Amino acid sequence: MRFPRSLLVLAFAASAAPATGQRVSADPRPTLTVGSAMARRGERAYGAIAVPAGVDSGTSIAVSVIHGARPGPVVALVAGAHGTEYASIVALTKVIGAIDPKTLSGSVIVAPLLNVASFEQMTVHTNPVDGKGFNANYPGDPAGTQTQRALALVAEQVVKQADVIVDLHGGDLDEDLRPYSYWARTGDPKSDKASKALALAFGLDHIIILDLDISLPTGRRNLAGYALSLGKTAFIAEAGRAGMSSPQDVGALVDGCLNVMGTLRMIDRTVAPIANPVWIVSDARVRADAPGMFTALVARGAYVTQGMKVGTLTDYLGRPTGDVKAPISGVVTFIRSVPSVWKNATLVNVGTPAAEPLPYKKP
Ligand SMILES: [Zn+2]
């Protein structure tokens, strides 16, 4: 058995302490550094993870590190993998200032906008520089294209340094979305219990069950799956829709992040977990066969029955080309918020609500 390094440091510090009876405690993590942001205990630092140019252009991912005055868990709050999911990005910019490093136990790494080019060019779902998904290419590749190089650095500097990863999303520009969390499960009882507790604490009352097989690369490509495969606690929340960042959606995400910290006893905050969430145990979506124009007939959150008309499609001259029907009965988790339709674009997603979650099932 190896002697824990922290105890060695403690023993050394005690022997080196002045003979005043003063107790000297060792801190295994006196500073926390992510990219160019380095914070000492009790400090908040601002900086960036520089992604050097490679086979394509480089980029820079803004990051704040809040290193609590007292040790505790390290939580990473991440958003903007989809750079036009504005409510989640705005929410994290507000969380940074809402945490007082002087009273914080533990540390918080905040990266509100991973996919900078998506934000700047208003490109939905992917990084316009290389066409890759920022939530579909973990663990990244230092020799790959911009998305892969960026994610390799996020994996090393953000994910690996954290104990808990909160991945925030919001309905994208083309999604009229009902706020919900995901309970990402791996089938490991301890891991699933920890992520369930955070999902209930976060505060969104609809929770989608997301069963992952992290033994497969496909189960580890998104941030939550990758983090879970490293033994971290991870969960995902979404609020926001159609390019808007309403005070309600932003506030729900800010409160949720603070609720996570309250549950982990990092801040002094009373948290009332959701007692009776609506579990979404499966879902089905309708994708477009061809380009056209879409008009929604129901709103996010509507309860629909299978076969019900939920939208219409026309060509660019307004001539009807088809109806969009609910693929299953359930709740509309999101529906297309813009007329633009391309082949395979998601038109509507319907979830199956349940009073209780079903047991883990390997996907
Ligand atoms: Zn997203």
Side-chain angles (χ1 to χ4, degrees), residues 61-62 76-93 95 110-138 140 147 150-151 154-155 158-159 165-184 195 199 202 204 206-210 212 218-228 234-246 249-250 252-254 256-257 280 283 285 287 300 332-338 340 342 344-349 351:
I61 299 169
L77 306 173
V78 174
H82 303 127
T84 44
E85 297 183 348
Y86 298 119
S88 55
I89 297 162
V90 171
L92 284 194
T93 64
V95 167
V110 191
L113 177 57
L114 294 189
N115 190 347
V116 180
S118 160
F119 178 89
E120 290 180 345
Q121 299 180 38
M122 295 177 67
T123 303
V124 294
H125 310 310
T126 57
N127 178 359
V129 173
D130 57 14
K132 293 194 169 102
F134 245 79
N135 195 32
N137 281 283
Y138 284 92
T147 299
L151 292 185
V154 170
V158 178
V159 181
I165 288 87
V166 176
D167 185 21
L168 293 190
H169 292 255
D172 216 317
L173 281 176
D174 57 352
E175 295 168 351
D176 183 18
L177 181 139
R178 191 214 185 286
Y180 48 77
S181 296
Y182 288 90
W183 178 21
S195 54
F202 195 87
L204 299 179
H206 281 52
I207 303 176
I208 297 176
I209 307 285
L210 179 64
L212 300 168
T218 49
R220 304 192 295 262
R221 277 188 196 144
N222 65 67
L223 175 54
Y226 174 66
L228 289 163
F235 106 104
I236 310 156
E238 294 212 41
R241 62 191 182 105
M244 291 181 279
S245 28
S246 73
D249 288 334
V250 171
L253 294 175
V254 171
C257 291
I280 306 290
D283 68 347
R285 61 181 55 188
R287 294 179 186 274
R300 64 184 182 142
V332 173
T333 54
F334 65 90
I335 189 162
R336 194 153 196 81
S337 61
V338 293
S340 300
W342 52 84
N344 289 327
T346 301
L347 302 175
V348 65
N349 194 78

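Indexing begins at 1, ligand by ligand and atom by atom, following the structure's order. Worth saying up front: this structure is predicted, and the values here are computed from it rather than measured.
For the pair F334 and E238, the minimum side-chain heavy-atom distance is 4.5 Å or more. The shortest side-chain heavy-atom distance between V332 and R178 does not fall under the 4.5 Å cut-off. In this structure, the side chains of L177 and R300 stay at 4.5 Å or more apart for every pair of heavy atoms.
Close placement of the F202 and F235 rings is indicated, their centers lying within 6.0 Å of each other.
If you look at H82 and ask which of its N, O or S atoms sits nearest the Zn ion (ligand 1), the answer is ND1. Note on H169: its N/O/S atom closest to the Zn ion (ligand 1) is ND1.
Using a cut-off of 2.8 Å, one finds that D172 contributes no N/O/S atom close to the Zn ion (ligand 1).
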